[in-house]
Amino acid sequence: MESDSGKQQQKDTFGCFKLVALIALCFVLVSPAESFDPLDPTGNVTIRWDIMSWTSDGYLATVTLFNFQLYRNIMNPGWTLGWTWAKKEIIWAMMGAQATEQGNCAKFKLKIPHSCKRDPQVVDLLPGAPFNMQFTNCCRGGVLTSWGQNPSGAVSSFQIGVGLSGTSNKTVKLPKNFKLLGPGPGYSCGPAKVVPSTAILTDDRRRKMQALMSWNVTCTYSQFLASKNPSCCVSLSSFYSDKITGCPPCACGCQNNDTCVTKDSKILQENVTSTHRKSDITPKPLLQCTHHLCHVRVHWHLKDNYQDYWRVKIAIINFNYRLNFTDWSLVVQHPNLNNVTQVYSFEYMPLLPYESINDTGMFYGLKYYNDLLMEAGPKGNVQSEVLMKKDKNTFTLKQGWAFPRRVYFNGDECMLPPPDSYPMLPNSAHKPPTTLKLIATYVVFTLFFHLIVTHF
């Protein structure tokens, strides 16, 4: 009996261990740590809510979005910010942004609120909005550049008048369930937290205004939450090999077959003109049919090898017929990026998430020249070349060293080909050099001739 009870106890212990391991695995899979980016460990979008004055039934506040991500921008059609009110708040008026729905405001007779939704969603105004509706850092259609690319374009603000909320720090309740689309899914936001009141400079920068109450919300990005498949892939080639290593088959998921078209498709000819109309909704992708089915392909070509330098050509190709990439960015990790000598037709900025290591850099377009990656077609690509100085202790063309370790386009990691498919150096081990052949032949012939002369 004791042995049976001991075995049963071992089974129970093992079962508990499996349950704990399963729960731990679930926590790992859904944990915010999934959004941790090793190349941008502190990157996030911070939403700051500053109450600037009290009103008869609420307050007037300035809401500011800061894109503190080094290389991930928010492109057209821009950000959408949503939340749930803690009580029965309403939005009386807004400047610099607007709620997407008014909701049911039937109980208000004289003055109609801007929005009565319990869970409003707010978007930035478009460029060219009326002057009396504009606010500082508004009206860019929700487009935010990355902090590393352009800090001045990484900030967006709007003013909001809130009613039925309380009129003091003790009676105001913080909104809950903040949600950020940028423009699609991928961001997860934490709870609002009260912070020390913000000091805000006036437009002439000669006076500081102190907020009456401030709180922050931090949102982080996860590629896993945005999409279960990558959106870009990498192909490779080199001057020393005729082989071109293409993107892996189905690198971005084969289920996109339903939304891909060939270049001569009638559907494409009929719909391509309608994709240029302005819309505040992200258009459904219309991809060119390829074996990888990715929106974007990045091609890395090892072009030249000099005595002290080597040159790489980079091309970015868009395969989406319905999407232009505004203020695009390309991040590459390679050990020789610590010796970049010159970059042609792209801007370049080294990224130093860990100050002792300089192996990562961001490429982006020149303003008004190639900062817009056009939709698929003849103009749907941008190209540049990079000249790097050799470090004689590390540089080699063997075993794929000259190809990138990681590639990110617009903040999403691209699928690299498997290492064993990289272009290989010509294998000449089975063919001794001609000079060695001649020397060996000469030595053998000399010895043979010497033996003959000695013998006779």
Side-chain angles (χ1 to χ4, degrees), residues 71 149 231-248 251 288 290-292 294-319 325 327-351 358-367 369-374 376-391 394-410 412-419 421-426:
Y71 53 82
Q149 190 170 341
S231 59
C232 61
C233 63
V234 181
S235 56
L236 309 169
S237 62
S238 174
F239 69 88
Y240 57 71
S241 175
D242 294 334
K243 178 182 178 181
I244 297 177
T245 301
C247 291
Q288 180 179 323
T290 58
H291 71 280
H292 52 75
C294 293
H295 294 242
V296 171
R297 175 168 65 89
V298 179
H299 187 73
W300 178 281
H301 175 65
L302 182 56
K303 186 175 181 181
D304 293 303
N305 182 26
Y306 309 113
Q307 182 175 353
D308 296 319
Y309 298 89
W310 62 298
R311 184 190 297 265
V312 167
K313 183 176 181 179
I314 300 174
I316 308 171
I317 303 97
N318 185 5
F319 291 98
F325 290 93
D327 294 317
W328 59 268
S329 66
L330 179 72
V331 172
V332 177
Q333 187 178 42
H334 188 281
N336 212 163
L337 288 179
N338 61 345
N339 277 322
V340 171
T341 304
Q342 189 169 357
V343 178
Y344 304 87
S345 71
F346 283 174
E347 296 282 5
Y348 176 75
M349 186 188 77
L351 299 179
N358 180 14
D359 65 350
T360 308
M362 177 173 67
F363 301 88
Y364 53 98
L366 299 170
K367 197 67 177 175
Y369 176 61
N370 57 0
D371 59 328
L372 177 66
L373 177 58
M374 300 294 288
K379 297 181 180 180
N381 71 90
V382 289
Q383 303 179 26
S384 182
E385 294 187 2
V386 185
L387 187 67
M388 288 174 277
K389 188 175 182 180
K390 291 181 179 179
D391 182 346
T394 58
F395 180 84
T396 179
L397 295 177
K398 298 178 180 179
Q399 299 176 344
W401 183 93
F403 299 110
R405 308 300 186 265
R406 283 184 177 179
V407 176
Y408 290 70
F409 178 77
N410 265 14
D412 286 340
E413 188 169 4
C414 302
M415 175 72 74
L416 285 162
S421 67
Y422 286 13
M424 302 294 290
L425 282 168

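Keep in mind that this is a model prediction, so the values were computed, not measured.
Summarising the geometry of Leu425 relative to Tyr240, their closest heavy-atom pair is N-CE1, 3.7 Å, with the distance given to 0.1 Å. Contact between Ser421 and Thr245 at its shortest, heavy atoms only, is O-OG1, 2.6 Å. Nearest heavy atoms, Pro404 versus Val332: CB-CG1, 3.8 Å. In terms of heavy atoms, Ser231 sits closest to Asp412 at OG-OD2, 3.8 Å. Taking both residues in full, the closest heavy atoms of Gln149 and Ser329 are given as OE1-CB, 3.9 Å, listed atom of the first, atom of the second, then distance. The minimum heavy-atom distance between Glu385 and Arg311, with the atom names listed, is OE1-NH1, 3.0 Å.
Within the 4.5 Å cutoff, the side chain of Pro419 has no heavy atoms near those of the Phe403 side chain. Side-chain contact check for Val331 versus Gln333: every heavy-atom pair is 4.5 Å or farther apart. Between Val298 and Trp300 the shortest side-chain heavy-atom distance does not fall below 4.5 Å. In this structure, Asn370 and Glu347 have side chains that are not in contact, with every pair of non-hydrogen atoms separated by 4.5 Å or more. Taking 4.5 Å as the limit, some side-chain heavy atom of Lys390 sits within range of a side-chain heavy atom of Asn305. Side-chain contact between Gln399 and Tyr422 is absent, with no heavy atoms from C-beta onward closer than 4.5 Å. Taking the side chain as every heavy atom from C-beta outward, Asn336 and Thr394 never approach each other to under 4.5 Å.
Phe319 and His292 have their aromatic ring centers within a separation under 6.0 angstrom. Between Trp328 and Phe346, the distance separating the two ring centers is shorter than 6.0 angstrom.
Annotation: Met424, atom CE; neighbour count of heavy atoms from other residues, nucleotides and ligands within 6.0 Å does not exceed 12. Under a cut-off of 6.0 angstrom, the local environment of NZ in Lys389 is sparse, with at most 12 non-hydrogen atoms contributed by other residues, nucleotides or ligands. By the 6.0 Å contact criterion, NZ on Lys313 is open, its count of non-hydrogen atoms from other residues, nucleotides or ligands being 12 or less. Other residues, nucleotides and ligands contribute at most 12 non-hydrogen atoms within 6.0 Å of the CG atom of Asp242. Heavy atoms of other residues, nucleotides or ligands lying less than 6.0 angstrom from NZ of Lys379 number 12 at most.
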Go through it in stages, so that I can follow the logic: the residues are Asn381 and Ile317, the test is side chain to side chain contact (heavy atoms under 4.5 Å, CB included), and I'd like the CA-CA distance, side-chain angles, deciding distance and then a yes or no. CA-CA 4 Å; Asn381 71 90; Ile317 303 97; 4.1 Å; yes
Show your reasoning for whether side chain to side chain contact (heavy atoms under 4.5 Å, CB included) applies to Phe409 and Leu373. CA-CA 12 Å; Phe409 178 77; Leu373 177 58; 3.8 Å; yes
Set out, in order, the CA-CA distance, both residues' side-chain angles and the distance that settles side chain to side chain contact (heavy atoms under 4.5 Å, CB included) for Tyr364 and Asp371, then state yes or no. CA-CA 7 Å; Tyr364 53 98; Asp371 59 328; over 6 Å; no
What do the steps show when you test Cys233 against Cys247 for disulfide bond (SG atoms under 2.5 Å apart), and what is the final call? CA-CA 6 Å; Cys233 63; Cys247 291; 2.1 Å; yes
Evaluate the side chain to side chain contact (heavy atoms under 4.5 Å, CB included) criterion for residues Tyr408 and Thr360: first the C-alpha distance (whole Å), next the side-chain angles of each, then the deciding distance (0.1 Å), finally the verdict. CA-CA 11 Å; Tyr408 290 70; Thr360 308; over 6 Å; no
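In this structure, the separation between OH on Tyr309 and CE on Met388 is 12.5 Å, given to the nearest 0.5 Å. In this structure, CG on Asn318 lies 10.0 Å from CD1 on Ile316, to the nearest 0.5 angstrom. Rounded to the nearest 0.5 angstrom, Asn339 CG and Leu387 CG are separated by 11.0 Å. Rounding to the nearest 0.5 angstrom, the gap separating the CG atom in Asn410 from the NE2 atom in His295 is 12.0 Å. Taken to the nearest 0.5 Å, the OG atom of Ser241 stands 11.0 Å off from the CG atom of Leu236. Rounding to the nearest 0.5 angstrom, the gap separating the CG atom in Asp359 from the CG atom in Leu351 is 10.0 Å.
Using cut-offs of 30° and 60° for the angle between ring planes, the His334 and Trp310 rings count as tilted.
Shown are Ser238, Ser237, Ser235; of these, the side chain to side chain donor-acceptor pair (under 3.5 Å) with His301 is made only by Ser237.
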